[in-house]
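Ligands are counted one by one from 1 in listed order, and the atoms in each one are counted from 1 as well. Hydrogens, waters and symmetry mates play no part in the numbers below; they use all other heavy atoms, side chains included.
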Amino acid sequence: MSAGAAPLGLYVHWPYCARICPYCDFNVYKAANGAPDALTQALLADLGHWRARTGPRPLASVHFGGGTPSLMTPGQIEAVLARADALWGIAPGAEIGLEANPNEAAAFAGLARAGINRLSLGVQALDDASLARLGRDHDAAGALRAAETARALFSRVSIDLIYAREEQGPQDWARELDQVLALGLDHLSLYQLTIEPGTAFARQAERGRLVPPGDDAAAEMYLLTQDLTEAAGLPAYEISNHARSRKDQSVHNRLYWEGADWIAIGPGAHSRLGAHARGGRIAAEAARRPGEYIARAASGTAQAIETLDARAEAIERVLMGVRLVEDGLDTQRLHALTGHGVDEDGLSRGLARAQVRREGARIVLTRSGRAFADAVAGDLAP
Ligand code: SF4
């Protein structure tokens, strides 16, 4: 893989959680000791193996996700950041983000001292009954207190919320969102609840014990979300992500949507590097189970690495790229990198339904198209 000035991101997956939420389909494990040093040592070893593949290039972002990376000790976070800095160099002003739960607010000061400068707070709901239903171990008042603590410690704070929940109507959601918008944060991630196969929620739905709002109600709540966030000065810059200005957007997540390069360490983490036109795009997946990842990291075999064929790469670039609200999908760049364009029939359908529009070489989702982004993007994929 050739070196270059193009931005490189680093994702660190910490797979442990104090409890497993019934809607979660991430690669997570319930652990009494949420901060094992053996995993930290494996992460450090994995970093060294990645450095041999990427060559020297500065890191534009580091993101600790999970799982619950706020269970890591400050010392463990510092060790990962120090090794990453020694191997690549963390660019001045780089985004160093971490996902945290509100009930860990006592740990926030240590996270800030360890070098975290952007905190994503998993608030998820501001209604205690919903929080209990979502399996969360914080209440609404605690979440709001944690948000204030975070704002005092980190230069950038984002809140995650889940809507289109069971028994939640548009007015309920509007009240909740208004409450969060009143905090005056510069970034929000607002996700529609999806029932993922294999989760506890999926099993409850199969038995009729969980009935989420239908597609029309969810689409109505999506459009309501756009109205309220735009009025508050936090428009969507990606399907589920809202920021006050360009500088408030998530640097790290933009790397995914733009099809840039990122390396990912930790159990089950996915990396992407390069492009078909530049000698191939590498797709790597780390061993999913923590024990296997730890056992393999020292010898450099924790990552299963393949080179994507051009079409597979093009599909990924379409599915991710079209999610960016203003930029949309740059079809010239897509063709230059992969030799593929979008599916012309799918594009015609999207145009006829007013779900997409062309802006020069770009294809941009319309407001109504964004409510069905996955389906529209699937239609565009070559
Ligand atoms: S805390 Fe987050 S990562 Fe852990 S189980 Fe819940 S939703 Fe999944």
Side-chain angles (χ1 to χ4, degrees), residues 11-36 39 43 63-73 76-77 80 97-108 111 116 118-140 142-143 145-147 149-150 157-166 168 176 180 187-205 210 212 240-241 250 252-253 256 264-270 285-290 293:
Y11 173 75
V12 183
H13 188 76
W14 194 263
Y16 300 111
C17 294
R19 53 206 268 180
I20 304 299
C21 305
Y23 57 90
C24 182
D25 76 333
F26 298 150
N27 186 34
V28 291
Y29 302 86
K30 187 174 171 186
N33 169 17
L39 180 56
L43 295 173
H63 186 83
F64 292 83
T68 306
S70 45
L71 293 177
M72 295 174 77
T73 66
Q76 290 171 328
I77 290 169
V80 171
L98 182 139
E99 299 163 7
N101 285 333
N103 64 354
E104 288 139 12
F108 291 177
L111 299 173
I116 302 300
R118 182 178 190 274
L119 200 79
S120 304
L121 201 54
V123 169
Q124 316 309 4
L126 281 181
D127 163 71
D128 287 347
S130 292
L131 284 166
R133 189 94 178 88
L134 290 168
R136 309 294 299 183
D137 50 6
H138 63 267
D139 60 15
R145 280 195 305 275
T149 303
V157 176
S158 178
I159 278 183
D160 287 13
L161 290 175
I162 297 173
Y163 68 97
R165 307 188 305 261
E166 189 182 23
Q168 186 188 41
E176 212 169 332
V180 169
H187 192 283
L188 296 177
S189 298
L190 307 172
Y191 301 105
Q192 275 188 43
L193 177 65
T194 48
I195 307 294
E196 302 291 349
T199 61
F201 268 10
R203 290 188 288 279
Q204 291 174 23
L210 183 156
S240 308
N241 285 275
S250 164
H252 188 79
N253 285 339
Y256 300 148
I265 58 172
H270 292 258
E285 181 176 0
R288 280 181 68 80
R289 299 199 68 82
Y293 178 83

**OP:** Mind running side chain to side chain contact (heavy atoms under 4.5 Å, CB included) on Gln192 and Tyr163 for me, showing each step along the way?
**Re:** CA-CA 5 Å; Gln192 275 188 43; Tyr163 68 97; 3.3 Å; yes
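Around atom 6 (Fe) of ligand 1, protein atoms of type N, O or S found under 2.8 Å number 1.
A distance of 8.0 Å separates CG in Asn101 from CG in Leu121, rounded to the nearest 0.5 Å.
Taking the six-membered ring where tryptophan is involved, the planes of Tyr256 and His252 are perpendicular, since the angle between them exceeds 60° and thus also 30°.
Tyr293 places a side-chain N or O within 3.5 Å of a backbone atom of Gly266 that can act as its donor or acceptor partner.
With a 6.0 Å radius and a threshold of 12 heavy atoms from other residues, nucleotides or ligands, Tyr191 has its OH atom above the threshold.
Of the protein's heavy atoms, Gly67 N, 3.2 Å lies nearest to atom 3 (S) of ligand 1.
In this structure the side chain of Arg133 reaches within 4.5 angstrom of the side chain of Glu166, judged on heavy atoms.
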